[in-house]
Protein chains: 2
Amino acid sequence: MATEIPDIVIGRLPLYLRALTHLAEKGQTTTSSHELGQRLGISSAQIRKDLSHFGEFGKQGTGYHINFLIDQLRHILHLNLVWSIAIVGAGYLGHALAHYQGFEQRGFRVAWVFDNDPQRVGETVNGVEVRHINDMIACLREEHVQMALLAVPTEAAQETADMLIEAGITAILSYAPINLKVPVGVQVQYSDPVVQMQRMTYYLNATAQYPET
Amino acid sequence: MATEIPDIVIGRLPLYLRALTHLAEKGQTTTSSHELGQRLGISSAQIRKDLSHFGEFGKQGTGYHINFLIDQLRHILHLNLVWSIAIVGAGYLGHALAHYQGFEQRGFRVAWVFDNDPQRVGETVNGVEVRHINDMIACLREEHVQMALLAVPTEAAQETADMLIEAGITAILSYAPINLKVPVGVQVQYSDPVVQMQRMTYYLNATAQYPET
DNA sequence: CTAGAATTGTGAAAAGTTGCACGAATGGTT
DNA sequence: AACCATTCGTGCAACTTTTCACAATTCTAG
Ligand SMILES: NC(=O)c1ccc[n+]([C@@H]2O[C@H](COP(=O)([O-])OP(=O)(O)OC[C@H]3O[C@@H](n4cnc5c(N)ncnc54)[C@H](O)[C@@H]3O)[C@@H](O)[C@H]2O)c1
Ligand SMILES: NC(=O)c1ccc[n+]([C@@H]2O[C@H](COP(=O)([O-])OP(=O)(O)OC[C@H]3O[C@@H](n4cnc5c(N)ncnc54)[C@H](O)[C@@H]3O)[C@@H](O)[C@H]2O)c1
């Protein structure tokens with residue numbers, strides 16, 4: 001039970017948390033592994049087994065108390081505090097991210113926005129002033145910021161990631177469609193819509209779109 | 001070899017394609033499973049085994065001819081045509097997506113943008129006119145559009161997905177942080193930055209951010 | 001032409017993940 | 001109190017995915 005917990009299990013916890021929060025908002029107070037599994041398209045056994053890595057949170061016959069389980073998951077995922085994050089690149093995507101309303105309730109706060117375009121620097125995005133990229137390392141170091149969202153053009157992604165690492169960042173969510181080289185100890189997650197779309201076209205029928213050809 | 005190919009293998013092909021395209025743009029003409037694996041953080045054996053599901057694309061001693069392999073992957077993933085896609089929701093995220101420059105070169109074309117806000121309808125986003133959501137089903141049906149990006153508020157996501165399905169859409173990339181209920185045969189991919197961020201906080205040190213507390 | 005280095009494709013082994021099925025506990029109902 | 005319907009946590013079996021390791025092939029260079 002105290003052994004290393006598989007990454008794949010950790011990866012599902014935020015989904016459980018999201019679904020539980022949704023149920024709580026609807027006023028529900030308890031749920032079962034079966035109900036949760038149905039909503040998520042995951043087997044109930046898997047949910048029970050995943051949770052059992054961390055303790056015994058449920059009650060036979062009853063299931064799980066939603067608020068209690070939410071608290072436990074928040075604690076496990078280190079979401080019992082609010083993480084300050086930086087957004088790098090204040091273009092279309094950077095603006096969208098800075099305006100995203102989902103961060104606050106889920107454990108994150110956009111504390112910094114950086115760009116290298118003098119036109120953009122000084123502008124305020126959703127209450128946060130855009131700072132120049134040259135100040136980035138100093139700002140993030142001082143505040144011990146650990147996580148950044150990378151939304152700069154592809155060509156600038158690697159060098160910007162290098163700067164982030166120099167600034168002490170250890171978790172990056174990158175939107176640039178390239179694989180970053182980072183030292184061990186730095187986590188990277190990627191978000192590339194085209195990769196997800198291309199995963200789906202494999203299963204689509206290519207002739208349906210142009211029926212006459 | 002003609003058996004069902006695992007989803008997990010299909011999921012890696014777009015990453016191979018992306019890395020190969022990157023190499024091709026740098027002027028390189030051949031590569032090896034080893035080099036590709038290094039860049040992607042994947043073992044060379046895995047790359048060879050994945051590709052071997054579809055044929056023998058390499059040459060012993062030499063490796064893979066990049067352009068040839070790109071062609072093969074495009075063909076496998078049905079990217080030898082351009083897929084017309086619809087964006088639903090022309091808010092911050094919808095705008096960012098509509099302006100994304102990575103679609104054209106990688107097999108997709110933003111053909112439609114829909115919103116329900118009369119203020120937004122009629123506006124032009126990156127050359128595409130925003131249409132009213134009430135026209136959506138008719139438009140998409142007529143043009144046999146198969147894929148949509150869903151960027152409406154969370155509360156509207158399920159009903160909008162239902163409309164998309166009624167319109168004949170069979171592949172959805174949803175940015176709303178909820179699990180959609182869809183009939184079998186409809187593919188859904190999700191993109192929720194917070195889920196990815198919460199995956200990373202598990203491994204972060206919660207005391208580092210506020211060293212004095 | 002030959003030797004040696006590089007690299008593929010793949011069967012078999014190892015490692016990792018999921019699903020099954022059941023004892024044990026709980027709460028509601030008669 | 002006895003019974004029944006639920007539901008958890010978990011050992012074990014089944015399945016999936018990754019890695020290993022090697023014969024076969026190709027290219028280069030002497
Ligand atoms: N727009 C989307 O929906 C979308 C979707 C997926 C991925 N992406 C990726 O996200 C990234 C940004 O996309 P975008 O549409 O916002 O582009 P954009 O051009 O609108 O924005 C990029 C911003 O980064 C700034 N910038 C450029 N170089 C910089 C540097 N060295 N340091 C700091 N800032 C710098 C620019 O001034 C600009 O404001 C790109 O890599 C793109 O491929 C975008
Ligand atoms: N902004 C981000 O970076 C971001 C990131 C991840 C996820 N998301 C999610 O993406 C979605 C959109 O986010 P956003 O920031 O663009 O929000 P937004 O409010 O800026 O945009 C939403 C748009 O959808 C339109 N809309 C509302 N109801 C509609 C309906 N029934 N049919 C059609 N259009 C409708 C609105 O008029 C608006 O233009 C949300 O679910 C959000 O949680 C946003």
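Letters A, B, ... are given to chains in the order of the sequence lines, protein chains preceding strands, and every chain is numbered from 1.
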For this session: Give, ordered by number, those residues of residues 58-71 of chain B having at least one heavy-atom distance below 4.0 Å to an atom of DNA chain C; if nothing qualifies, reply none.
Result: G58(B), K59(B), Q60(B), G61(B), T62(B), G63(B), Y64(B)

For this session: Calculate the interatomic distance between H53(B) atom NE2 and dG9(C) atom P; express it in whole Å.
Result: 13 Å

Problem set entry | Atom pair OG/OH of S191(A) and Y175(B) - distance to nearest 0.5 Å | 6.0 Å

Exercise. So, E25(A) and Q105(A): side-chain donor and acceptor under 3.5 Å apart, yes or no?
Worked result: no

For this session: May I ask you to say whether R131(A) pairs ionically with D115(A), meaning some side-chain N is under 4.0 Å from a carboxylate O?
Result: no

Exercise. Which whole-number value in Å describes the distance from I47(A) CD1 to dC20(C) P?
Worked result: 14 Å

For this session: Calculate, to the nearest 0.5 Å, the distance between atoms CG and CD1 belonging to D71(B) and I76(B) respectively.
Result: 11.0 Å

For this session: Find out whether C139(B) and F114(B) are in side-chain contact, i.e. whether some heavy atom of one side chain is under 4.5 Å from a heavy atom of the other.
Result: yes

For this session: Taking the side chain as every heavy atom from C-beta outward, state whether H78(A) and W83(A) have any pair of such atoms under 4.5 Å apart.
Result: yes

Problem set entry | Protein-nucleotide distance (F57(B), atom CZ; dG9(C), atom P), rounded to Å | 9 Å

For this session: Grab the CD1-P distance between I5(A) and dT17(C) for me, whole Å please.
Result: 13 Å

For this session: Tell me yes or no: between the side chains of Q146(A) and Q187(A), is some donor less than 3.5 Å from an acceptor?
Result: no

Exercise. Between R12(A) and D7(A), is the closest basic N to carboxylate O distance under 4.0 Å?
Worked result: no

Exercise. With sequence neighbours left out, what residues match R199(B) under salt bridge (charged side-chain N to carboxylate O under 4.0 Å, His left out)?
Worked result: none

Where do N or O atoms of nucleotides 16-18 of chain D meet protein N or O atoms at under 3.5 Å, pair by pair?
unit_1, atom_1, unit_2, atom_2, d
dT18(D), OP1, R12(B), NH1, 3.0
dT18(D), OP2, R12(B), NH1, 3.2
dT18(D), OP2, R12(B), NH2, 2.9
dT18(D), OP2, Q46(B), NE2, 2.8
dT18(D), O5', Q46(B), NE2, 2.9

Problem set entry | Distance-only side-chain donor-acceptor flag, Q46(A) / D50(A), under 3.5 Å | no

Exercise. Which whole-number value in Å describes the distance from F54(B) CZ to dT8(C) P?
Worked result: 17 Å

For this session: Could you tell me whether D192(B) and R18(A) have a side-chain N and a carboxylate O separated by less than 4.0 Å?
Result: yes

Problem set entry | Interatomic spacing from OH in Y64(A) to CG in L20(A) - rounded to 0.5 Å | 10.0 Å

For this session: Specify the residues of residues 19-39 of chain A, ordered by number, for which at least one heavy atom lies under 4.0 angstrom from an atom of DNA chain D.
Result: S32(A), S33(A)

Problem set entry | Side-chain N,O (R48(B)) to OP1/OP2 (dG9(C)) below 4.0 Å | no

Problem set entry | Between the first and last five pairs of the helix from dC1(C)-dG30(D) to dT30(C)-dA1(D), the angle of the axes, rounded to 10 degrees | 10°

Exercise. Between dT17(C) atom C1' and I10(A) atom CD1, what is the distance in whole Å?
Worked result: 15 Å

For this session: Name all residues meeting the ring-ring contact (aromatic ring centres under 6.0 Å, His included) criterion together with Y100(A); count only those two or more places apart in sequence or in a different chain, and write none if there are none.
Result: F103(A)

